[in-house]
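This report concerns only the one structure given below.
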Protein chains: 2
Amino acid sequence: MRSERGMLIVLSGPSGSGKGTLVKSLLSRRDDTVLSVSVTTRAPRPGEEEGVHYFFRTREEVEAMIAEDSLLEYAQYNGNYYGTPEQPIRRWLEEGKNVLLEIEVQGAEKVMDHRSDLVSLFITIPSMKELERRLRDRGTETEEAMAGRLRVARQELSRAFRYDYVVLNDEVEKAVDRIQTIIDAEKMRYSRMENLILEVMEDAETD
Amino acid sequence: MRSERGMLIVLSGPSGSGKGTLVKSLLSRRDDTVLSVSVTTRAPRPGEEEGVHYFFRTREEVEAMIAEDSLLEYAQYNGNYYGTPEQPIRRWLEEGKNVLLEIEVQGAEKVMDHRSDLVSLFITIPSMKELERRLRDRGTETEEAMAGRLRVARQELSRAFRYDYVVLNDEVEKAVDRIQTIIDAEKMRYSRMENLILEVMEDAETD
């Protein structure tokens with residue numbers, strides 16, 4: 001069978017939906033799948049490695065990337081740029097790797113606006129009460145910050161219609177199974193199986 | 001969770017691709033899935049039951065169904081009508097059952113032309129040589145009939161682009177696993193998960 005291009009997979013959902021944990025577990029299960037690394041202008045924190053956690057770049061470098069349209073999406077938080085470089089993604093896809101973009105809801109929409117060759121997954125919490133419980137367990141939020149978080153989460157849930165799939169994250173391992181199911185099914189899409197069909201047909205002509 | 005409508009699943013592929021065996025195995029594994037029963041004007045064979053193998057009807061009855069547009073598709077073979085009644089399918093879907101249409105490539109295209117609310121699977125053999133071997137093993141075909149079968153199979157393979165998914169039938173159990181994966185993934189499509197999202201959001205408003 002001819003080698004197939006990888007799949008670009010956008011994984012998003014409200015803060016607190018557990019995207020990061022799902023991604024880690026998924027990557028440990030699949031060696032055909034890699035996580036896209038973001039570029040940032042913020043300083044590395046202890047233990048963060050160039051090219052693993054982030055590509056650390058200067059403001060000028062990131063602005064040059066924006067100018068030459070080499071970021072799939074970017075945003076500024078707390079005065080720093082964060083963005084998704086397109087070039088490594090393109091290389092991985094050509095090598096047949098699936099590339100995960102773990103990304104906030106706003107950034108995800110920007111990517112979906114610009115590319116149609118992707119599979120998009122919205123991770124949802126089982127209930128707002130459960131989200132509240134998770135945020136409370138972190139113990140880092142004031143009541144006001146919490147109310148704000150919940151309001152934003154509800155707004156983000158209302159954007160789920162932009163995604164191909166909705167994955168319920170009630171239990172991590174179950175949710176990762178669901179993501180695996182979606183990736184496995186998407187690999188059987190006609191567009192990704194066309195080479196197989198051509199090979200089956202060609203095989204007859206050499207009889 | 002509110003009850004969801006079932007999914008209409010078209011399963012097609014060349015004669016010899018093993019559709020019938022896959023369907024039997026799939027039905028034994030999933031009690032949320034039923035097989036659509038065709039209507040026919042041919043006489044019942046020994047052991048065939050009304051409503052299980054076919055709905056046996058007169059020519060006049062089937063022609064009335066055609067006239068009132070109550071068949072999803074129909075065709076004539078050897079002077080008999082064969083068709084797919086729409087009404088039982090609608091009822092099953094409303095009850096939340098997935099409905100399988102196991103159907104020849106031409107009939108499948110007629111259904112796909114008329115309905116967009118379905119998931120379509122094309123079953124492929126691993127190679128034309130394997131198809132030839134399977135047909136030879138049956139031992140019922142003349143060389144000429146065999147050549148005709150292979151020619152038709154190749155034409156049918158060239159129609160695979162009409163389908164959402166391609167399922168390789170190299171081994172029955174593996175192929176049924178693949179079909180299960182597709183059904184499970186399709187259940188996570190946004191359109192089928194919208195109720196869950198609404199419930200998660202509503203849950204917050206009652207806080």
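Reminder, nothing fancy here: chain letters follow the sequence lines and each chain counts from 1.
Between the side chains of B:T84 and B:E73, at least one donor-acceptor pair of N or O atoms lies under 3.5 Å. In this structure, a donor-acceptor pair under 3.5 Å is present between the side chains of B:Y190 and B:E194.
Using a 4.5 Å cut-off between heavy atoms, B:L131 does not touch chain A at all. Using a 4.5 Å cut-off between heavy atoms, B:S127 touches chain A through backbone and side chain atoms alike. In this structure, chain B has heavy atoms under 4.5 Å from both the backbone and the side chain of A:L157. For chain A, the nearby parts of B:F161 are the backbone and the side chain; heavy atoms of each come within less than 4.5 Å. Both the backbone and the side chain of A:R178 come within less than 4.5 Å of a heavy atom in chain B. With a 4.5 angstrom heavy-atom cutoff, A:L121 does not touch chain B via any of its atoms. Neither the backbone nor the side chain of A:S120 comes within contact range of chain B, judged by heavy atoms closer than 4.5 Å. Looking at B:S191, there are no atoms closer than 4.5 Å to chain A (heavy atoms on both sides), in backbone or side chain.
Rounded to the nearest 0.5 angstrom, B:I123 CD1 and B:L11 CG are separated by 4.0 Å. Rounding to the nearest 0.5 Å places CG of A:D32 at 7.0 Å from NZ of A:K97.
Under the side-chain contact (heavy atoms from CB on, under 4.5 Å) rule, A:P14 has a single partner from A:E156, A:R159, A:R149, A:E104, which is A:E156.
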- Message: For a ring pair (Phe, Tyr, Trp, His ring centres under 6.0 Å) check, start with the C-alpha distance between A:Y74 and A:Y82, then their side-chain angles and the critical distance, and finish with the verdict.
- Response: CA-CA 6 Å; A:Y74 69 93; A:Y82 294 81; over 10 Å; no

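Counting heavy-atom pairs closer than 4.5 Å to chain B, the top residue among A:I182, A:D164, A:T124 is A:D164.
Taking the centre and axis of the six-membered ring of B:Y165, the NZ or CZ atom of A:R189 falls inside the cone set by 45° and 6.0 Å.
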